[in-house]
> 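Sharing a structure, written as structure tokens. Questions coming.
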Amino acid sequence: MKHLLGIKDLPTSQIENILTTAREFKEVINRPIKKVPSLRDITIANVFFENSTRTRISFELAEKRLSADIVNFSASTSSVKKGETLLDTVNNILAMKVDMIVIRHSSVGAPHFLARHINASVVNAGDGTHEHPTQALLDAYSVWEKLGTIEGKKIALIGDILHSRVALSNIFVFQKLGAEVMVCGPPTLLPKHIEALGVKVTTKLHEALQWCDVANVLRIQLERQQIKYFPSLREYSLYYGINQAMLNQLDKEIVLMHPGPINRGVELSSDAADSPQAIILDQVENGVAVRMAVLYLLAEQR
Ligand code: NCD
């Protein structure tokens, strides 16, 4: 693997390799000295054209803990504002001898386009509504760590399936690892023909919660919505918001996940988000280990 562009074309053996490598790195980042010299000769540019807190910090920490040299680029303070193209911007960064590009972009396919035109390795840190492979890998890692296995587990993705890149990458990763996936949301936020991906589909929150072992709750991506898909956030929350009382009524204790950022009081109430059933901060911790594994395995191929 030279690039990590998505989960769709990533062989299952590679996914398993990333997860087992991440387990080693999780051990490393919990030591008093959290650093290894593996990427000492590698320079990485983090090129973010969209807002990010977790993903950007997580990549940066992963790179630092592998001893890579890093530069950070944020579109809002760059010459992109002066009219430079994506390829020109990236080629200028690469002229300064950069080996890997971690890119987040609002356009679907931006990392794939770069991968076709440049020599450096490209890691997709989220391309529009399409894929977010490292998020899916850390989600899979977190379920594996919590439940001991992914095979045969039932994973429900709940919320804005239509605009969420986490949803698509999650569908691919969990199916490849042998889990069953259900998507749940209002009809307007479920892509047409999504069942063609082999997922179960429901518009009823209770049905999804009752069915699953793990609920991965997704934010409403208002910034990607050009039209109104539901009357109001208040109404959305009334039908699709999850609170602790609902979780307590289920036959079994399910695991609650969220990629962040949470909109408290919309998709999750505070009591649910902060409950012991939620592994949301474990996901964040695991994100660093998983990204270390991805960068390490990509650097090995160079
Ligand atoms: C997600 C993203 O950016 O796609 N966040 C993340 O990377 N942790 C989900 C979201 O923005 O809702």
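Treat the numbers as computed from the prediction; the structure is a model and nothing was measured. What you see below is based on every heavy atom in this structure, not just the backbone, and it leaves out hydrogens, waters and symmetry mates. In each ligand, atom 1 is the first atom listed, and ligand 1 is the first ligand listed.
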> For a quick check under 3.5 Å, do Arg291 and Ser58 share a side-chain donor-acceptor pair by atom type?
yes
> Have Asn124 and Glu131 got a donor and an acceptor in their side chains that come within less than 3.5 Å?
no
> For atom 3 (O) of ligand 1, what's the nearest protein heavy-atom neighbour? Residue, atom name and distance, please.
Arg165 NH2, 2.9 Å
> Using a 3.5 Å cut-off on N or O atoms only, is Gly260 in polar contact with ligand 1?
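It does: an N or O of Gly260 is found under 3.5 Å from an N or O of ligand 1.
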> Indicate yes or no for a side-chain donor-acceptor contact from Lys176 to the backbone of Lys8 under 3.5 Å, with no hydrogens or angles considered.
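Yes; judged by distance alone, with no hydrogens or angles, the pair exists.
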> Report yes if Pro259 has an N/O atom closer than 3.5 Å to an N/O atom of ligand 1; otherwise report no.
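Yes.
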> Side chain, backbone, both or neither: which part of Arg104 comes within less than 4.0 Å of ligand 1 when only heavy atoms are counted?
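Near ligand 1, Arg104 shows its side chain, while the N, CA, C and O stay back.
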> Report yes or no: does Lys153 contribute a side-chain atom to a donor-acceptor pair with the main-chain N or O of Trp144 at less than 3.5 Å?
no
> Is Gln221 touching ligand 1 with its side chain, its backbone, both, or neither, if touching means heavy atoms under 4.0 Å apart?
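Contact part for Gln221 vs ligand 1: side chain (C-beta onward).
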> Identify, by atom number and element, the atoms of ligand 1 in contact range of Arg219, meaning under 4.0 Å from any of its heavy atoms.
10 (C), 11 (O), 12 (O)
> Between the side chain of Ser269 and the main-chain N/O of Gly265, is any donor-acceptor distance below 3.5 Å?
no
> Going by distance alone, is a donor N or O of one side chain under 3.5 Å from an acceptor N or O of the other, for Asn263 and Glu267?
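The criterion, which ignores hydrogens and geometry beyond distance, is not satisfied for Glu267 and Asn263.
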> Which pairs, with at least one residue in residues 31-43 and sequence neighbours excluded, count as a side-chain hydrogen bond (donor to acceptor under 3.5 Å, both in side chains)?
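Counting only pairs at least two positions apart or across chains, the side-chain hydrogen bond (donor to acceptor under 3.5 Å, both in side chains) contacts touching residues 31-43 are Glu27-Arg31.
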> Can you list the ligand 1 atoms lying under 4.0 Å from a non-hydrogen atom of Thr55?
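Near Thr55, meaning under 4.0 Å from one of its heavy atoms, ligand 1 has 6 (C), 7 (O), 8 (N).
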> Report yes or no: does a heavy atom of Gly287 sit under 4.0 Å from some atom of ligand 1?
no
> Short list, please: which atoms of ligand 1 are under 4.0 Å from a heavy atom of His132?
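In order of number, 2 (C), 4 (O), 6 (C), 7 (O).
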> Distance under 4.0 Å to a non-hydrogen atom of Gln135: what atoms of ligand 1 satisfy this?
6 (C), 7 (O), 8 (N)
